[in-house]
Student: 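Below you will find the structure I want to go over with you.
The basis for the numbers below is simple: all heavy atoms, side chains too, and nothing from hydrogens, waters or symmetry mates. This is a predicted model, so every value here is computed, not measured.
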Amino acid sequence: MTASLLRTAADLRARARTGRRAVVMTMGALHEGHATLIRTARRIAGPEGEVVVTVFVNPLQFGAGEDLDRYPRTLDADVELAGKSGADAVFAPSVDEVYPGGEPQVRISAGSMGERLEGAARPGHFDGMLTVVAKLLHLTRPDVALYGQKDAQQLALIRRMVRDLNFGVEIVGVPTVREEDGLALSSRNCYLSPAERRTALALSQALFAGRDRHAAQEALRARAREVPATRARAEALSAIGESRAAADAHAVATTAGGPAAVRAAARLVLDEAARLDPPLRLDYLALVDPSDFTEIGDDFTGEAVLAVAARVGSTRLIDNLPLTFGTFGDAS
């Protein structure tokens, strides 16, 4: 399948629309993560619908000293990959096309959620991101827009903007795509040297350690629910791999763990990576409520996001995993 390359909003408006239009917004340098988004969009749009991929490196969401100038730009390859993945058109406007009067005086504010985590590390980033997303939603007029869950805070803010400002579009999040070694796919991965890439694996390894600690805790809780509060409970807990005394196993099932243990397991991996050559320099490790990206407490129940951001060499990377916390006595 060959995708048409469109440079102006007029070109996009001139296309005849049939069926649903699904839009995938990117900054280019497309990889398999983007291809997954496009293939998902193709399935949602159906054979009668249309998939449009936007390619635009938005200057508003880059702060001073960030990598706007060196951000990879590979439009010819992007058009080819988009077409092979099922896109009908690639909309790649110039900066002047998106911001015809120069930098916009009226912008979208991300509010307090946009000042946390990524927003604290990159002031103004989310205001710029939401402003261009709003403009591109107006320009492309989709029925559905798809975004990767790797940028979890971005996705949450887009959903909030669409809800708060009554955009008539469905927002779909698509799970993070990873390479075989676990590294989340990112256009910035190309900046990493082989040694830096080895260190960068600590981001996903830390998340997996937190997830595995949580899973082990939930397995103990589930087993504890299955047997009465007698010696049989302690024996059952010991039988699933707890090497400590039965009383300790029971304590682990009923009191230890939770968000604090998840954070500790992830932090241990990141602390070790800080001693590598080259070292990992942590920006943040957070376990947050996805509705507002505030840290969760030890008594939290429901959906959460374990998120990490760090620098390896001159490259800044982010990653996250969703987790679900239940209560003892209820399924999680």
Side-chain angles (χ1 to χ4, degrees), residues 5-12 23-31 33-34 37 52-79 81-82 89-111 113-142 145-148 150-158 160-162 165 167 169 171 185-192 283 309 311 313-318:
L5 176 60
L6 310 175
R7 289 291 199 168
T8 69
D11 292 339
L12 189 57
V23 165
V24 174
M25 294 184 187
T26 81
M27 292 204 301
L30 302 189
H31 49 63
H34 297 110
L37 285 166
V52 176
V53 175
T54 69
V55 174
F56 181 66
V57 181
N58 177 34
L60 295 191
Q61 64 195 75
F62 288 80
E66 293 189 334
D67 57 353
L68 173 61
D69 291 337
R70 73 173 185 139
Y71 195 87
R73 291 163 171 83
T74 57
L75 184 58
D76 290 343
D78 294 343
V79 173
L81 185 148
V90 172
F91 178 48
S94 66
V95 173
D96 289 340
E97 181 72 18
V98 176
Y99 303 118
E103 288 197 10
Q105 297 299 303
V106 177
R107 306 188 187 197
I108 302 291
S109 170
M113 182 162 54
E115 298 172 355
R116 300 175 185 132
L117 300 187
E118 284 299 291
R122 306 175 66 189
H125 166 73
F126 285 125
D127 292 353
M129 179 276 294
L130 289 179
T131 298
V132 80
V133 167
K135 288 182 71 75
L136 289 172
L137 287 174
H138 289 314
L139 291 170
T140 59
R141 296 177 295 133
L146 297 89
Y147 302 89
K150 185 178 81 70
D151 298 295
Q153 193 172 3
Q154 170 179 284
L155 175 59
L157 282 162
I158 291 171
R160 187 61 185 254
M161 177 185 73
V162 165
L165 300 183
F167 281 71
V169 60
I171 302 299
L185 285 174
S186 169
S187 299
R188 291 185 168 92
N189 289 353
C190 66
Y191 300 155
L192 299 170
D283 276 1
R311 292 183 182 275
S314 60
T315 304
R316 187 174 185 275
L317 300 170
I318 63 173

Student: Out of curiosity, Met113 CE to Arg160 CZ, how far, rounded to the nearest 0.5 Å?
Tutor: 6.0 Å
Student: Determine the minimum heavy-atom distance between Leu75 and Ala92, stating which atoms define it.
Tutor: CD1-CB, 3.9 Å
Student: Show the nearest heavy-atom pair for residues Ala145 and Leu137, with the distance to one decimal.
Tutor: CB-CD2, 4.1 Å
Student: Examine distances only and state if a side-chain atom of Arg316 and a backbone atom of Arg188 form a donor-acceptor pair shorter than 3.5 Å.
Tutor: no
Student: Where the side chain of Arg311 meets the backbone of Leu317, is there a donor-acceptor pair that is under 3.5 Å apart?
Tutor: no
Student: Under 3.5 Å, side chain of Gln153 to main-chain N/O of Glu118, donor-acceptor pair present?
Tutor: yes
Student: Please give me the minimum heavy-atom distance between Thr131 and Asp127, naming the atom from each residue.
Tutor: OG1-O, 2.8 Å
Student: Provide the closest heavy-atom pair for Leu136 versus Met25 in the form atom of the first, atom of the second, distance.
Tutor: CB-CE, 3.6 Å
Student: How close do Val55 and Gly28 get, heavy atom to heavy atom, and via which atoms?
Tutor: CG1-CA, 3.7 Å
Student: Spell out, as yes or no, whether a donor-acceptor pair under 3.5 Å connects the side chain of Glu103 to the backbone of Leu60.
Tutor: no
Student: Could you go step by step and tell me if Thr74 and Leu30 meet the side-chain contact (heavy atoms from CB on, under 4.5 Å) rule?
Tutor: CA-CA 8 Å; Thr74 57; Leu30 302 189; over 6 Å; no
Student: Between Ala309 and Ile318, which heavy-atom pair has the shortest distance, and what is it?
Tutor: CB-CG2, 3.8 Å
Student: Report yes if some heavy atom in the side chain of Ser186 is under 4.5 Å from a heavy atom in the side chain of Lys150; otherwise report no.
Tutor: yes
Student: State whether a side-chain donor-acceptor pair under 3.5 Å links Asn58 with Tyr71.
Tutor: no
Student: Between His138 and Lys135 (side chain of the first, backbone of the second, donor and acceptor by atom type, cut-off under 3.5 Å), is there such a pair?
Tutor: no
